[in-house]
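Here's the structure we're looking at; comments come further down.
Since this is a predicted model, take the numbers as computed values, not measurements. Every heavy atom of this structure was used, including side-chain atoms; hydrogens, water molecules and symmetry mates were not.
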Amino acid sequence: METTETIGIIVSPNPKAWVLTAELLSVINGQIIDVPFQNSFISTSRLAQYGHINQFIAVGGDGACLRALRIAYEIGKLSLCNKPPMVFGLNCGHIGALSNQIGCIVDIPKRLKNAVHQVINPLEVTSSFRNKISHYTFFNEVILKPFANLTRLKINWQDKEQHHKEIRGGLMIATKLGEQAVNACNYTGPEAILPIPDESSWRMSTVQAMSNDLTCDKAFQAIVPSESTVSVEVVNPYQDRNAYLVGDSYYHETESVLTDETDQPIGANAGVLFVEKVIVSSARQPVLLAKDRQRV
């Protein structure tokens, strides 16, 4: 494939991925830059050296594809190019929900050129706890879980009109990208899990909600436009315990996470993060996920 554009390649640390990468490099006749997968990015300032790249190939499983989307997203925010960065995944893992099948190596340049692009706008999450503000970006889903059964969540979201819910339990907001996340199985309502129709929608669903509490709303799920803003207030009678926030986990335990200039993690698994209030909105900076036409 003759190209004037630079392609960044992001390779998962497993032998199968490295073998495939060696074969891939032999069929792509363009400028290829290795964007290291592990222990490479200490701050966003170090990402700037890759700011001219807007095409990425991720070789590995869905975790590698999510990692590549994160890197592409952060690079896209630094880039002066008006074209959103694109990630084409090749599956060397197990599930392959985000990545494409390997297929014939010699056909990959043509497939890359003819791929269909899915616009991804991740979730922007702002949380506060004891006057400390934290910012996160999640691609699949964000989950707010309480520590104690007495914890209540006051939920407000807006599309054409304002909506209100108050529950005893947790809440998950999932994007179309994260529709197959196993966390969806935690929904405790009587209905089947609602499918997310497209990338312009989210699914909100309760997680382990207390359905027998008559003072609160029942367990629920709803499909809301992704341009909605969801505000969740944690009401907890305990001072030493609170709800906690979890999100995407696509870093291996041995890897360093991406951090910003203030050493705050960006896009990493939030782990146990105490929160009092959470605001979720759609990120304005898009990134593209490339899929083979036969998969669409």
Q.
Are W202 and F138, when compared by the centres of their aromatic rings, separated by less than 6.0 Å?
A. no

Q | Residues that E23 engages under side chain to side chain contact (heavy atoms under 4.5 Å, CB included), provided they are two or more places apart | A | V19, L20, I105

Q) Which residues satisfy the side-chain hydrogen bond (donor to acceptor under 3.5 Å, both in side chains) test with T126, sequence neighbours excluded? A) H135

Q. With side chains defined as the heavy atoms from C-beta onward, is the minimum distance between L69 and L177 less than 4.5 Å?
A. yes

Q. Once you round to the nearest 0.5 Å, how far does CD of E141 lie from CD1 of I173?
A. 11.0 Å

**Q.** Side chains of I133 and S128 in contact at under 4.5 Å (non-hydrogen atoms)
**A.** yes

**Q.** side-chain hydrogen bond (donor to acceptor under 3.5 Å, both in side chains) involving D217 - partner list, sequence neighbours excluded
**A.** none

Q. Can you tell if the side chain of V87 reaches within under 4.5 Å of the side chain of C65, non-hydrogen atoms only?
A. yes

Q: Please examine the side chains of F139 and I120, heavy atoms only from C-beta on, and report whether any two atoms are closer than 4.5 Å.
A: yes

**Q.** Heavy-atom side-chain proximity of F56 to P85 below 4.5 angstrom
**A.** yes

Q) Should T137 and L123 count as side-chain neighbours, where that means a heavy-atom distance under 4.5 Å? A) no

Q.
Restricting to side chain to side chain contact (heavy atoms under 4.5 Å, CB included), what partner residues turn up for D198, sequence neighbours left out?
A. S200, S201

**Q.** Which residues share a salt bridge (Lys or Arg N to Asp or Glu O under 4.0 Å) with E166, sequence neighbours left out
**A.** R152

**Q.** Residues that E199 engages under side-chain hydrogen bond (donor to acceptor under 3.5 Å, both in side chains), provided they are two or more places apart
**A.** Q118

Q: Report the residues that fulfil side-chain hydrogen bond (donor to acceptor under 3.5 Å, both in side chains) with N156, sequence neighbours left out, ordered by chain and then residue number.
A: H164

